[in-house]
Amino acid sequence: MKIIVSPAKKMRAGVEFPKPEGFPVFLSRTQRLLDCLRAMEYQELKTLWGCNDGIAGLNYERLKNMDLQAMGHVSAALTSYDGIQYQYMAPQVFTEEALRYVQEHLRILSGFYGILKPLDSVVPYRLEMQAKLRTDWGRNLYEYWGDLLYRELTREDSVILDLASAEYSRCIRRYLCPEDTFITCVFGELEDGAVKEKGVYVKMARGEMVRYLAEKRAAGPQEAKEFDRLGFRWREDLSDETRYVFVR
């Protein structure tokens, strides 16, 4: 089983534990994107990023000084992201067994790096998958990455547990084959007979689910049904073979 998650916009550098163990598989393609971004003016980048001057200025400086292969100021991908999902995952306090589990089973999808193992070496960046970045290789990042992420993800395993946002799971979902098993986890509340997802709680639950599976060293997606954290419970009556629904 492979578990997919989204990255976070907010990143940090210099986290010492755990140590990175290698470079992302598509680093040469990331370098192409870096070259494209460096060729853009500040105002173009600010528009692309959709952010204020403070965030744009920080990331503009990062671009100018970015060295994708420098090992001195990098961190492992798993502890470089600082969003709600990663706070609830709390990888900084994973046991060695949990770290080994996520290194084997968890993959982080990224507009900049494509696909990451948790212990891949990364630098802080800002580039969402849905950013309208036109390159010589595509009109946007979905075209740029094409089916590469899907093929890398399913190279060894065709069972996928989807904990990613729609923006990122789209990179995999659009290339699925009949022999693939793709299960999306839905975390919501029942309102007027319908399951309503609420952003913050969804992110919290996704992080907790990764932690839960790592602690259990889950062998397959069926074990996700036993998830019982943050008040969520699996609802068999609302779920099917491709959609596990958890209600709070």
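The residues of the chain are indexed from 1 along the displayed sequence.
Both L78 and Y212 belong to a single network of hydrophobic side chains, linked directly or stepwise wherever heavy atoms of I, L, V, M, F, W or Y lie under 4.5 Å apart.
Between E97 and R217 there is no salt bridge, since no side-chain N of the basic residue sits under 4.0 Å from a carboxylate O of the acidic one. Salt-bridge annotation for E104 and R100: absent, with no side-chain N of the basic residue lying under 4.0 Å from a carboxylate O of the acidic one. With respect to K196 and E191, no salt bridge is recorded, no charged nitrogen being found less than 4.0 Å from a carboxylate O. The existence of a salt bridge linking R155 and E152 is confirmed by a sub-4.0 Å separation between a basic side-chain nitrogen and an acidic carboxylate oxygen.
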Worksheet item: Going through the checks in order, is the salt bridge (Lys or Arg N to Asp or Glu O under 4.0 Å) test met by K216 and E226?
Response: CA-CA 10 Å; K216 287 196 63 166; E226 299 170 23; 2.6 Å; yes
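With hydrogens and angles disregarded, no donor-acceptor distance shorter than 3.5 Å links the side chain of T79 to the backbone of V15. Under the 3.5 Å distance criterion, the side-chain polar atoms of Q31 are left unmatched by any main-chain donor or acceptor of L68. Remark: side-chain polar atoms of N59 are not paired, donor with acceptor, to backbone N or O of R62 under 3.5 angstrom. Between the R107 side chain and the Q103 main chain, a donor and an acceptor come within less than 3.5 Å of each other. At distances below 3.5 Å, at least one donor-acceptor pair connects side-chain atoms of S239 with backbone N or O atoms of R235. No donor-acceptor pair under 3.5 Å is formed between the side chain of Y175 and the backbone N or O of R151. Here the side chain of W49 pairs a donor or acceptor atom with the backbone of R126 at under 3.5 angstrom.
Between R233 and the options D228, V245, V247, a side chain to side chain contact (heavy atoms under 4.5 Å, CB included) holds for only D228.
No hydrogens or angles considered: a donor-acceptor pair under 3.5 Å links the side chains of R173 and T184. Inspection of the D53 and Y42 side chains reveals an N or O donor paired with an N or O acceptor under 3.5 Å.
For the pair R29 and Y144, the cation-pi test (distance below 6.0 Å, angle within 45°) is passed.
Proximity of the aromatic rings of Y201 and F232 is defined here by a centroid distance below 6.0 angstrom, and this criterion is not met.
Using cut-offs of 30° and 60° on the angle between ring planes, the pair F227 and F246 is perpendicular.
Taking both residues in full, the closest heavy atoms of G220 and M1 are given as C-SD, 3.5 Å, listed atom of the first, atom of the second, then distance. In plain terms, the two heavy atoms of Y244 and Q222 that are nearest each other are OH-NE2, 3.6 Å.
To the nearest 0.5 Å, atom CD of residue E128 and atom OG of residue S110 are 11.0 Å apart.
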